[in-house]
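Whatever order the structure lists them in is the order used to number ligands and atoms, beginning at 1. The figures that follow rest on heavy atoms only: side chains count, while hydrogens, waters and symmetry mates do not.
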Amino acid sequence: TGSSRPQRMLKAVQKNATKGDPQSVISAIDHYCRHKEWAMNVGDDKGLILDSVLTEVNPSTALELGTYCGYSTVRIARLLSPGSKLITVEFNPAFAEVARQIIAYAGLQDKVTVVEGPSGDLIPKMKERFGIRYFDFVFLDHWKDRYVPDTKLLEDCGLLKKGTVLLADNVICPGAPEYLKYVRNSAHYESRYYKSNLEYTKVEDGLEKSVFLG
Ligand SMILES: O=C(NC/C=C/[C@H]1O[C@@H](n2cnc3cncnc32)[C@H](O)[C@@H]1O)c1cc([N+](=O)[O-])cc(O)c1O
Ligand SMILES: [Mg+2]
């Protein structure tokens, strides 16, 4: 059988990026997805917002829900301070395998742990398995109807502290209306919308940044 879109994306990285250079990996994926084959990476426009929020938070421990091919994983990990860690959760083994290779190509494998399995099962195991007390930063980019249940799970498992920042992709397109209602109406979050556009298109999309108030 033929290759998959993630495998073609990996090929584009191996062909056009420089090993150990995260920015060249990001640029290679963006070029491929803009000119050859669209894919659901957060992309370069929303990626700049992700970069700026991440730089502001400077997390010691970060969590990503929905690795896909590892594009946003590389964007996040390249900005982490020495000794900081990113855990990224992906339940599709084929996607996780491509992501590991893209993360390694960027030379960021020592900062990233790709955990295979459903977020709903893995979040309650974060403390015991990875010695995580809490996350300083969470990037939500998995199935949009998982944003609310997984946010509640993170709260219930005591994995959020006062000041933890949640950043959610696609709150407009494809949309996460229940999540917007949840974080915007809760006294436990201070929420703000960053308007942008859906990756590689002119369609509106944006990121919602929500600070946990404890
Ligand atoms: O649907 C979108 N994203 C869903 C992302 C899904 C990714 O997260 C994993 N996953 C899902 N629930 C999981 C639970 N646990 C672990 N991995 C999980 C899936 O295996 C996939 O790798 C999307 C769609 C568009 N779009 O324009 O259509 C644009 C975007 O930016 C998007 O993010
Ligand atoms: Mg997305």
Side-chain angles (χ1 to χ4, degrees), residues 3-10 13 26 29-30 32-34 36-51 53-54 62-76 86-103 112-126 129-130 132 135 137-154 156-157 159 166-180 183 193-210:
S3 65
S4 70
R5 184 175 317 200
Q7 284 167 331
R8 292 191 291 274
M9 214 183 301
L10 172 59
V13 166
I26 291 165
I29 293 173
D30 284 332
Y32 180 76
C33 293
R34 190 175 282 280
K36 297 281 188 325
E37 193 175 19
W38 186 92
M40 58 182 177
N41 315 120
V42 72
D44 40 2
D45 299 329
K46 289 183 288 180
L48 288 173
I49 300 166
L50 170 60
D51 291 355
V53 172
L54 203 93
L63 172 68
E64 175 180 60
L65 301 175
T67 316
Y68 186 43
C69 295
Y71 173 89
S72 46
T73 320
V74 168
R75 283 203 85 109
I76 294 167
L86 169 62
I87 294 179
T88 183
V89 175
E90 173 55 55
F91 67 34
N92 180 312
F95 294 172
E97 182 46 36
V98 166
R100 284 193 189 92
Q101 292 182 63
I102 286 179
I103 293 157
V112 179
T113 306
V114 180
V115 189
E116 254 177 78
S119 50
D121 298 353
L122 289 166
I123 286 170
K125 297 183 178 126
M126 285 295 161
R129 270 210 205 165
F130 304 103
I132 300 287
F135 289 109
F137 179 83
V138 182
F139 184 54
L140 298 93
D141 193 20
H142 55 335
W143 294 149
K144 310 314 161 192
D145 61 6
R146 288 296 315 170
Y147 284 17
V148 173
D150 284 346
T151 298
K152 288 181 174 171
L153 200 50
L154 286 162
D156 298 345
C157 296
L159 286 164
L166 306 187
L167 191 64
D169 190 25
N170 310 116
V171 294
I172 302 302
C173 177
E178 300 76 22
Y179 179 76
L180 286 184
V183 288
Y193 174 61
Y194 291 76
K195 183 172 188 245
S196 183
N197 47 279
L198 182 68
E199 49 265 31
Y200 318 118
T201 75
K202 292 185 171 28
V203 173
E204 179 179 344
D205 187 22
L207 302 170
E208 185 81 359
K209 175 190 167 191
S210 307

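- Of the N or O atoms in Phe91, one or more lie within a sub-3.5 Å distance of an N or O in ligand 1.
- Rounding to the nearest 0.5 Å places CD of Gln7 at 8.0 Å from CG of Leu10.
- Using a 4.0 Å cut-off between a side-chain N of Lys or Arg and a carboxylate O of Asp or Glu, Lys144 and Asp141 qualify as a salt bridge.
- Counting heavy atoms closer than 4.0 Å to ligand 1, residue Asp141 contributes atoms from both its backbone and its side chain.
- The CG atom of Asp51 lies 4.0 Å from the CZ atom of Arg75; values are rounded to the nearest 0.5 Å.
- Put simply, the side chain of Glu199 reaches to within 4.5 Å of the side chain of Asn170, judged on heavy atoms.
- Atom CG in Asp205 sits 11.0 Å away from atom NZ in Lys195 (nearest 0.5 Å).
- A distance of 7.5 Å separates CD1 in Ile123 from CZ in Arg146, rounded to the nearest 0.5 Å.
- In this structure, CG on Leu63 lies 9.0 Å from CG on Asp150, to the nearest 0.5 angstrom.
- Taking every non-hydrogen atom of Gly117 and a distance limit under 4.0 Å, the qualifying atoms of ligand 1 come out as 15 (N), 16 (C).
- The ligand atoms of ligand 1 that sit less than 4.0 angstrom from a heavy atom of Asn170 are 29 (C), 30 (C), 31 (O), 32 (C), 33 (O).
- One finds no salt bridge joining Arg34 and Asp30 here, because no Lys/Arg side-chain nitrogen approaches an Asp/Glu carboxylate oxygen to under 4.0 Å.
- Residue, atom and distance of the protein heavy atom nearest to atom 10 (N) of ligand 1 are His142 CB, 3.8 Å.
- Which parts of ligand 1 touch Asn92 is read off a 4.0 Å heavy-atom cut-off, strictly below it: atoms 20 (O).
- Residues Leu154 and Met126 are not in side-chain contact: their nearest non-hydrogen atoms beyond the backbone lie 4.5 Å or more apart.
- Close approach of ligand 1 to Pro118 (heavy-atom distance below 4.0 Å) involves ligand atoms 15 (N).
- Below 3.5 Å of separation, one finds no N or O of Trp38 facing any N or O of ligand 1.
- Regarding atom 24 (C) of ligand 1, its nearest protein heavy-atom neighbour is Pro174 CG, 3.5 Å.
- Counting backbone and side-chain atoms alike, Asp141 contributes an N/O/S atom closer than 2.8 Å to the Mg ion (ligand 2).
- Atoms of ligand 1 found under 4.0 Å from any heavy atom of Gly66, numbered from 1 in the order shown, are 8 (O).
- Using a 4.0 Å cut-off between a side-chain N of Lys or Arg and a carboxylate O of Asp or Glu, Arg100 and Glu116 qualify as a salt bridge.
- Contact atoms of ligand 1 toward Leu198: 27 (O), 29 (C) (distance under 4.0 Å to a heavy atom of the residue).
- In terms of protein heavy-atom proximity, atom 22 (O) of ligand 1 is closest to Glu90 OE1, 2.7 Å.
- With hydrogens left out, the protein atom closest to atom 6 (C) of ligand 1 is Trp143 CZ3, 3.3 Å, a heavy atom.
- Considering backbone and side-chain atoms alike, Glu199 places an N or O below 3.5 Å from some N or O of ligand 1.
- Distance check, rounded to the nearest 0.5 Å: CD1 of Ile172 to CG of Leu207 gives 10.5 Å.
- For ligand 1, one of its N or O atoms has an N or O atom of Ser119 under 3.5 Å away.
- With ligand atoms numbered from 1 in the order given, ligand 1 contributes 31 (O) to contacts under 4.0 Å with heavy atoms of Asp169.
- Centroid-to-centroid, the aromatic rings of His142 and Tyr68 stay 6.0 Å apart or farther.
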Please walk me through it: do Tyr147 and Asp169 pass side-chain contact (heavy atoms from CB on, under 4.5 Å)? CA-CA 10 Å; Tyr147 284 17; Asp169 190 25; 4.1 Å; yes
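- Summary of contacts: the protein heavy atom closest to atom 3 (N) of ligand 1 is Lys144 NZ, 3.4 Å.
- Close approach to Tyr68 involves these atoms of ligand 1, each under 4.0 Å from a residue heavy atom: 22 (O).
- Angle subtended at the Mg ion (ligand 2) by Asp169 OD2 and Asn170 OD1: 80°, rounded to 10 degrees.
- Among the atoms of Thr67, none of the N or O lies under 3.5 angstrom from an N or O of ligand 1.
- Under 4.0 angstrom from ligand 1, there are no non-hydrogen atoms of Arg146.
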